[in-house]
Protein chains: 2
Amino acid sequence: MTTKRVTLADVARRAGLSSSAASMILNGRPDTRLSQDAHDRVNRAAAELGYRPNVAARSLRVDKTQTIGFISDTVATTRFASGLIKGALAAAEQAEHVILLAETGGDPVREAEAIAALLDRQVDGIVFATMRSREVEVPTLPGNTRVVLLNAISDSPSISVLPDEERGGRAAVSLLADAGHREGIVLLGHNEVTERDLFRSTTVARRLAGIRAEMQDRGLTFMSEQSVWDWVPNNGYALVDALLAEGTVPRALLCLNDPLAFGAYQALTEHGYRVPDDVSIVSFDNDEIASYLRPGLTTIALPHEEMGARAVELLLDGSARGEHLVQMPVVVRDSIRQG
Amino acid sequence: MTTKRVTLADVARRAGLSSSAASMILNGRPDTRLSQDAHDRVNRAAAELGYRPNVAARSLRVDKTQTIGFISDTVATTRFASGLIKGALAAAEQAEHVILLAETGGDPVREAEAIAALLDRQVDGIVFATMRSREVEVPTLPGNTRVVLLNAISDSPSISVLPDEERGGRAAVSLLADAGHREGIVLLGHNEVTERDLFRSTTVARRLAGIRAEMQDRGLTFMSEQSVWDWVPNNGYALVDALLAEGTVPRALLCLNDPLAFGAYQALTEHGYRVPDDVSIVSFDNDEIASYLRPGLTTIALPHEEMGARAVELLLDGSARGEHLVQMPVVVRDSIRQG
DNA sequence: GCTGAGTGCTGAATGGATTTAGCATTCATC
DNA sequence: GATGAATGCTAAATCCATTCAGCACTCAGC
């Protein structure tokens, strides 16, 4: 049961060589003058014994742990969060790295503790992820620790990975326009505070900027803009319900996320309107619920996994700098009237 | 920028003591005879320098890394997965541990690699999580590595954490019965294969066992049992749609998970029936969608986070053995007709 | 046969914390 | 004032892999 771990010394002994030699051979050092025979003996011995280097010992010497810290404000709750993590895990696995996960709940104290805990374990770099993309301060880290911001930006020069919200916003408008919608388009979820500064989220500001730019380019205007702070189904329901109650019947709804669209479906159904025959809907995120809805919701997807993977790749890249945008795929389902 | 890490030797030097003394003091060794003055000096020095022990160095010596491996078949996709992780993170943080995360996608090769990668980093223990609770083989690990199964069971003696499905199943039935339902109850999602062996999931078998036991205890029988393999909204919709089309109108629906219930809502609404006035619905999981639905879906929750936390606690406990059941909270919303 | 270069390998130091054995003191006791 | 015990601390070994300096040997060349 209590199998002792095989050490490099064990391998060296079995190969009849010094552990220096064994180390060099196993690490594939280029400039070494060790004989082919020595290589064979060491490799065979390592294989026979099932040798695995002790990462703690190695990282004590060289300054690499093959470990990446991933600090997130939220881990559960949204599919977005776990998608980022999943992508990061995949990329890390690819590069034979491993991920140390920490959650802060947005609390600066927990964040500081998380950073300390990760640094104690000598992570090679840290990915900072936020669920609502914000401007963050990059904490000062010891020299060689690289940082990548995931779904966040910062003033200080840094690397960040973001969804390409501007193009995403344009895509949403194009979807409606190309389907022939010119009048009666309602925007759901717009928010003045958000649009003006970075308080809540940079991505939202960019999403809206893209939407407005594309509307203008196509000479379109919104029939109405329904502002709301919290993007949950209840609010989508209430907004559309009120709209319909006062007699305003949209021909198309541009919702800023899927839960809002979800609520919109409910209100429309209750009032006897049908999607997409009476009202087309397009939104953002590609939440699980987008596929649950009947008819399926056409939406501009947040590319979680790709973003997570990208962040890790950039972290390991070494030469990466600046802002990296990841395309937002258009997921076409059946919520836009065709023709 | 390139700030050198403060080492124990630095602290000792500043305190005018040997690093042995500093080590003992900082670790709070009990039998030490070091003076109060020495304690003060070391503690002050450590605080002033912001000393943090190098975990790699420590774990080389003692065989603890304060790190827990968390291996899961799935990380994203379901809220369940991320809930387990969130709970585990919280418990780990509490115990000043950190979590190394790995995903296998259910692939034995990736699982083996993940285990190796974690063992290389000397994790103190491993939590094996599966999303669909199954019987798994506990891989043989070096002596001192503890393992806890999360949402999984095994033949071999082991520790596992599971939701208390049997009581959960009983609770669902009780909810309906206590609301006065005696006739016209339909079971949605029952599946013969599942119920007979452990192929798919132990928890489902137990959930059903609880349901059947409570039905029997109360002298109730199902009006109909609708079997289905894949518990997604589309199937819930199709099943209920077919039922209504053939003229069978249930008074209450017992759905085996929330997505099925979601589909049921859709079919009922389309056919002009109202929840809960015409049909009551109760289900399992407490997915996000349960609160999105109108009226809110009453459901028996999977206690993700508590399970995740429990797993880590048991891993660290040392004396824990056997199977640990976590209560499934009843989340009452508005899908059961009261009266 | 001596020198210098090249070849194949090893010894010992290193990284940072823990831990055991044990060295100086001081104090109490007879 | 000699002895034994208690007190307060330190030196050195240890965990394991990496890495630099350098040893011992062979071979070519003159």
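The structure displayed is predicted, hence computed values, not measured ones. The figures that follow rest on heavy atoms only: side chains count, while hydrogens, waters and symmetry mates do not. By convention in this document, chain letters (A, B, ...) are assigned in the order of the sequence lines, proteins followed by strands, and residues within each chain are numbered from 1.
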side-chain hydrogen bond (donor to acceptor under 3.5 Å, both in side chains) evaluation trace for B:D73 with B:T104: CA-CA 5 Å; B:D73 51 359; B:T104 68; 5.9 Å; no
Any side-chain heavy-atom pair of B:L89 and B:F70 under 4.5 Å: no
Separation of C:dA17 P from B:L49 CG (nearest whole Å): 12 Å
Under 3.5 Å: donor-acceptor pair, side chain of A:D124, backbone of A:I68: no
DNA chain C contacts made by residues 15-25 of chain B, counting heavy atoms under 4.0 Å: B:S20, B:S23, B:M24
Any pair counted as salt bridge (charged side-chain N to carboxylate O under 4.0 Å, His left out), so long as it reaches residues 312-323 of chain B, sequence neighbours left out: B:R206-B:E323
Spacing between A:Q122 atom CD and C:dG16 atom P, to the nearest angstrom: 9 Å
Atom-pair distance (CZ on A:R13; P on C:dT10), nearest Å: 13 Å
Atom pair distance, as rounded to whole Å: CZ in B:R29 and C1' in C:dA21: 12 Å
Donor-acceptor pair between B:T67 and A:R121 side chains, under 3.5 angstrom: yes
Sugar-phosphate, base or nothing in reach of A:R58, heavy atoms under 4.0 Å: sugar-phosphate
Nucleotide C:dT19, atom P - distance to CG of B:L34 in whole Å: 14 Å
Any B:P303 side-chain heavy atom under 4.5 Å of B:Q327 side chain: no
Nucleotide range of DNA chain D lying under 4.0 Å from chain B heavy atoms: D:dT7 to D:dC16
Nearest-Å distance for atom pair CG/C1', residues A:D120 and C:dA17: 13 Å
Side chain to side chain, B:L84 and B:E305, heavy atoms closer than 4.5 Å: no
Degree of bending in the helix from C:dG1-D:dC30 to C:dC30-D:dG1 once both end axes are built from five pairs, to 10°: 70°
Can you list, pair by pair, the side-chain donor-acceptor contacts under 3.5 Å of residues 44-55 of chain A, counting residues two or more places apart and other chains?
unit_1, atom_1, unit_2, atom_2, d
A:E48, OE1, A:R14, NH1, 2.1
A:R52, NE, B:D120, OD1, 3.0
A:R52, NE, B:D120, OD2, 3.1
A:R52, NH2, B:D120, OD2, 2.3
A:N54, OD1, A:A56, N, 2.8
A:N54, OD1, A:A57, N, 3.1

Under 4.0 angstrom between B:N27 side-chain N/O and C:dT18 OP1 or OP2: yes
Backbone of A:S35 reached by a side-chain donor or acceptor of A:H39 within 3.5 Å: yes
Distance-only side-chain donor-acceptor flag, A:T130 / A:N151, under 3.5 Å: no
Spacing of A:R61 atom CZ relative to C:dA13 atom C1', expressed in whole Å: 8 Å
Nearest-nucleotide 5' precedence on DNA chain D, B:D37 against B:A57: B:D37
Atom-to-atom span, CZ of B:R52 to C1' of C:dG16 - whole angstrom: 15 Å
Results of salt bridge (charged side-chain N to carboxylate O under 4.0 Å, His left out) for A:E113 - residues two or more places apart only: none
